[in-house]
> 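Please read through the structure below; I'll follow up with questions.
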There are 2 protein chains.
Amino acid sequence: MSSAVSGERVTIYDVAQAARVSTATASKALNDTGRVSLETRDRIKRVARELGFRPNSLARSLTRKRSFSVGLLTNDTYGRFTLPLMAGISEGLIDHGVSVFLCAIGDNPDLARIHVDAMLDKQVDGIIATGKRIDRPLPVDLTHLSVPVVYALTAGPSNGVTLVPDDRQGAGAAVRHLLAQGRRRIVHVTGPCEFDVVHERALACTQALAEAEAATEAKVLFGSWSEHWGHQAVEALWSGADKPDGIFCGNDQIARGVVDALRERGVSVPGDVSVVGFDNWEIVAKETRPPLTTVDMNLKELGRQAGLALMRLVNGEAVETGVWKLPCSLIVRSS
Amino acid sequence: MSSAVSGERVTIYDVAQAARVSTATASKALNDTGRVSLETRDRIKRVARELGFRPNSLARSLTRKRSFSVGLLTNDTYGRFTLPLMAGISEGLIDHGVSVFLCAIGDNPDLARIHVDAMLDKQVDGIIATGKRIDRPLPVDLTHLSVPVVYALTAGPSNGVTLVPDDRQGAGAAVRHLLAQGRRRIVHVTGPCEFDVVHERALACTQALAEAEAATEAKVLFGSWSEHWGHQAVEALWSGADKPDGIFCGNDQIARGVVDALRERGVSVPGDVSVVGFDNWEIVAKETRPPLTTVDMNLKELGRQAGLALMRLVNGEAVETGVWKLPCSLIVRSS
DNA sequence: TCGATTTGAGAAACCGGTTTCTCAAATGGA
DNA sequence: TCCATTTGAGAAACCGGTTTCTCAAATCGA
């Protein structure tokens with residue numbers, strides 16, 4: 001416990017001297033490797049503890065050729081997806097003594113290149129690439145790096161490891177929830193059709209409805225990812241005949257717009273119409289009146305898995321390539 | 001350009017050999033230090049470029065005792081404040097070749113300790129502490145570390161360097177904007193009174209109103225940081241006499257609630273009442289109908305400054321201690 | 001009891017750079 | 001022309017660890 005405020009850091013040399021052994025023996029004792037008697041080993045460990053010895057990670061990395069740090073490259077400026085992911089990665093890796101360099105590269109290829117080079121110079125053991133769109137790659141090529149790369153929430157090469165939420169399963173759960181509420185006239189109000197996830201989710205809607213024999217094809221309205229579009233969609237739907245009794249929205253902001261618009265029209269949620277969102281962006285979903293039932297992509301868990309997958313690659317273990325789809329969870333609130 | 005796909009990394013030894021000099025000379029040439037003839041220097045640099053030499057940052061750090069990496073400790077799980085800050089720090093430091101380790105520690109002191117130790121083992125040059133509340137410290141003591149620490153958006157020790165937005169100036173600008181719109185019956189709807197910033201901003205309101213001789217004291221309603229509170233506040237205000245014609249809100253979510261509630265009551269914004277928010281959380285502010293005029297805390301710039309201040313400390317330069325208040329900007333939209 | 005094997009520990013090389021110190025050659029001044 | 005100074009470059013030590021190799025002492029088997 002002592003350790004004292006000895007200005008300078010305690011090195012393994014100090015420990016060796018205090019324990020009257022060579023640095024070689026000290027190193028072996030502390031790492032539980034090599035031939036050292038139990039007695040000596042314990043003594044060295046005790047001395048190290050007393051001196052408050054903490055090995056210099058840089059020196060260790062130099063010989064071990066493992067820096068115990070990884071890089072996280074992100075595209076996402078708001079941090080809405082990145083921070084939960086980051087938290088998961090960090091949580092999964094801290095047990096391995098691994099720290100995470102975060103680089104916000106925006107959409108700037110030059111900046112991305114600079115950051116990637118900086119990471120490689122710092123000898124990161126691997127890189128996790130993440131973005132805000134699953135169907136778009138980052139503005140930098142990571143395929144010929146000397147370190148393994150894992151892709152999360154962004155497009156990766158087909159022979160790489162890519163982790164994404166299972167949009168289809170999530171959307172299916174949302175629609176089945178609406179069906180379970182007795183809703184039959186279900187509409188999907190979603191984002192721009194340029195997004196792959198939009199199609200995935202629409203497809204899942206159709207499948208879920210078909211399974212329940214509620215409809216042969218889901219009615220889908222494409223728009224933008226905004227609250228404003230939620231309002232517009234309700235206006236369009238309620239100006240026609242055949243008004244829906246269940247609405248599944250492409251994200252929580254659209255759902256928020258939909259719920260607000262319905263309330264303004266005097267339509268009761270969930271009395272007359274049930275609404276389900278997507279993302280479980282708590283700050284939106286919980287503040288909606290009534291609080292929004294929505295799909296959570298379990299980004300933290302996804303981050304954890306991405307981190308662990310990267311570690312396996314770093315350790316040379318086999319990892320199944322391709323796209324891993326991780327399950328989403330339905331968060332049932334009052335809408 | 002060649003460099004080839006030579007599997008292994010190019011070391012300074014390779015460069016030295018190719019240029020027919022010693023590693024000592026190579027190092028001096030590449031770093032523009034020591035005694036080397038211009039001719040030799042150029043040749044070595046050219047060879048290094050041709051071979052695609054990139055110095056191993058770990059090895060360099062070991063001798064230089066500078067790792068060119070810093071740690072960012074954060075409390076904020078949503079990342080709403082952290083990511084803009086992070087982007088600013090990163091932007092300010094990448095020119096210095098410095099990378100940032102991000103650690104999300106939540107409110108867990110043990111986790112915080114583990115992360116701090118991990119950073120120190122990795123020989124970070126310094127640490128930036130950030131949180132979601134300016135009047136609360138992180139759950140870990142950073143005062144006796146061997147590396148300099150800068151605090152941003154979180155409470156630091158009085159002899160430390162702390163950067164925060166100038167809430168008073170920002171709030172003053174907001175109120176003066178309302179006054180300039182011809183508003184005189186101004187109310188401040190804000191968060192819980194346990195927050196220091198709440199008082200700072202309230203005080204600034206009073207001052208601004210006093211300067212304009214519009215009132216001797218600002219009317220302030222304390223509540224929570226939610227949209228819901230915005231609704232409640234409007235209900236309370238409109239059920240009494242003396243309805244306001246200008247509302248300055250403690251954050252954009254409250255403002256959002258206020259604007260929605262006013263619209264539901266048929267009160268025109270900005271026709272009858274002007275509303276100003278705080279935070280410029282674009283995803284809320286831009287989606288409000290009408291788009292919200294609000295105060296931006298310039299977090300990215302704050303991050304940049306924090307990073308640069310830390311660098312100065314690392315380089316042993318003098319840095320003024322105490323609380324630095326950085327200016328906020330009023331973002332004028334339609335409310 | 002004696003040679004063969006195992007054990008414990010240290011010397012030294014190494015990782016990939018930086019830096020100090022040394023020294024021969026080139027230059028300068030008288 | 002001769003000595004003092006400057007210049008350019010390399011040898012070697014170093015940063016703080018890890019790892020291989022060596023070797024004397026202890027243990028083992030016959």
Side-chain angles (χ1 to χ4, degrees), chain A residues 6-45 47-48 51-69 97 118 120-125 146, chain B residues 6-45 47-48 51-69 97 118 120-125 146:
Chain A
S6 56
E8 291 312 306
R9 253 186 105 101
V10 177
T11 72
I12 200 170
Y13 182 77
D14 300 326
V15 174
Q17 220 171 21
R20 309 201 161 282
V21 294
S22 69
T23 61
T25 306
S27 175
K28 283 183 285 193
L30 294 170
N31 291 299
D32 283 327
T33 58
R35 288 167 158 5
V36 183
S37 74
L38 189 62
E39 198 182 6
T40 314
R41 208 178 278 278
D42 285 347
R43 176 162 48 90
I44 293 172
K45 282 184 178 174
V47 168
L51 259 48
F53 170 66
R54 306 227 43 162
N56 181 327
S57 196
L58 258 36
R60 167 177 287 175
S61 299
L62 195 54
T63 42
R64 290 230 183 132
K65 296 185 177 309
R66 281 275 268 107
S67 68
F68 294 92
S69 60
L120 294 176
D121 291 348
K122 296 207 167 73
Q123 312 290 116
V124 289
D125 298 332
S146 49
Chain B
S6 56
E8 292 312 307
R9 254 186 105 99
V10 178
T11 71
I12 200 170
Y13 182 77
D14 300 327
V15 174
Q17 220 170 22
R20 308 201 162 281
V21 293
S22 68
T23 60
T25 306
S27 175
K28 284 182 285 193
L30 294 170
N31 291 298
D32 283 328
T33 58
R35 288 169 156 9
V36 183
S37 74
L38 189 62
E39 197 182 8
T40 315
R41 209 179 276 278
D42 285 347
R43 176 162 47 89
I44 294 173
K45 282 184 178 174
V47 169
L51 258 48
F53 169 67
R54 307 227 42 162
N56 181 328
S57 195
L58 258 37
R60 167 178 288 178
S61 299
L62 196 54
T63 43
R64 290 229 184 133
K65 296 186 177 309
R66 279 276 269 109
S67 67
F68 294 92
S69 59
L120 293 178
D121 290 349
K122 295 206 167 75
Q123 313 291 116
V124 289
D125 298 332
S146 49

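In what follows, chains carry the letters A, B, and so on, assigned in the order in which the sequence lines appear, proteins first and then strands, with residues in each chain numbered from 1.
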> Looking at dG8(D), dT18(D), dG17(C), which one has an atom nearest to any side-chain atom of S37(B)?
dG8(D)
> Closest-nucleotide mapping onto DNA chain C: is T23(A) or R41(A) further toward the 5' terminus? I mean the 5' end.
R41(A)
> Do D14(A) and F53(A) touch side chain to side chain, with heavy atoms closer than 4.5 Å?
no
> I want to confirm an ordering. Mapping L58(A) and A24(A) to their closest nucleotides on DNA chain D, which one lands closer to the 5' end?
L58(A)
> Would you state whether a donor and an acceptor, one from the side chain of K28(A) and one from the base of dG10(C), lie under 3.5 Å apart?
yes
> What integer distance in Å separates N56(B):CG from dC15(D):P?
18 Å
> Taking any heavy-atom pair under 4.0 Å as a contact, classify T25(B): base, sugar-phosphate, or nothing.
base
> Can you tell me how far P of dA24(D) sits from CZ of R35(A), to the nearest Å?
17 Å
> Regarding S27(B), tell me which of base, sugar-phosphate or nothing describes its non-hydrogen contacts under 4.0 Å with the strands shown.
base
> Would you call R54(B) and V10(B) a side-chain contact if the rule is heavy atoms closer than 4.5 Å?
no
> Please report, rounded to the nearest Å, how far the C1' atom of dC15(D) is from the NZ atom of K65(B).
6 Å
> Let me know the distance between CG of L62(A) and C1' of dG16(D), rounded to the nearest Å.
9 Å
> Does S22(A) have a side-chain nitrogen or oxygen under 4.0 Å from the phosphate oxygens OP1 or OP2 of dG10(C)?
yes
> What contact category does T40(A) fall into here, base, sugar-phosphate, or nothing, at under 4.0 angstrom with non-hydrogen atoms?
sugar-phosphate
> Rounded to whole angstroms, how far apart are CG on N31(A) and P on dT19(D)?
7 Å
> Answer yes or no: is there a donor N or O on one side and an acceptor on the other, between the side chain of R43(A) and the main chain of L38(A), under 3.5 Å?
no
> Closest to the R64(B) side chain: dT18(C), dG17(D), dG16(C)?
dT18(C)
> Of all the nucleotides listed (dG10(C), dT18(C), dT18(D)), which has the minimum atom distance to the side chain of I12(B)?
dT18(C)
> Measure CG/D32(B) against P/dG17(C) and give the value in whole Å, please.
17 Å
> How would you label the contact of R20(B) with the nucleic acid (heavy atoms, under 4.0 Å): base, sugar-phosphate, or nothing?
sugar-phosphate
> What is the distance, rounded to the nearest whole Å, between atom CG of D14(B) and atom C1' of dG17(C)?
13 Å
> If I take atom CD1 in residue I44(A) and atom C1' in nucleotide dG10(C), what distance separates them, rounded to the nearest angstrom?
12 Å
> For salt bridge (Lys or Arg N to Asp or Glu O under 4.0 Å), just list the numbers for D121(A) and R9(B), CA-CA rounded to whole Å, side-chain angles, deciding distance to a tenth of an Å, and then say yes or no.
CA-CA 10 Å; D121(A) 291 348; R9(B) 254 186 105 99; 3.3 Å; yes
> Less than 4.0 angstrom from a charged side-chain N to a carboxylate O is my criterion; do K45(B) and D32(B) meet it?
yes
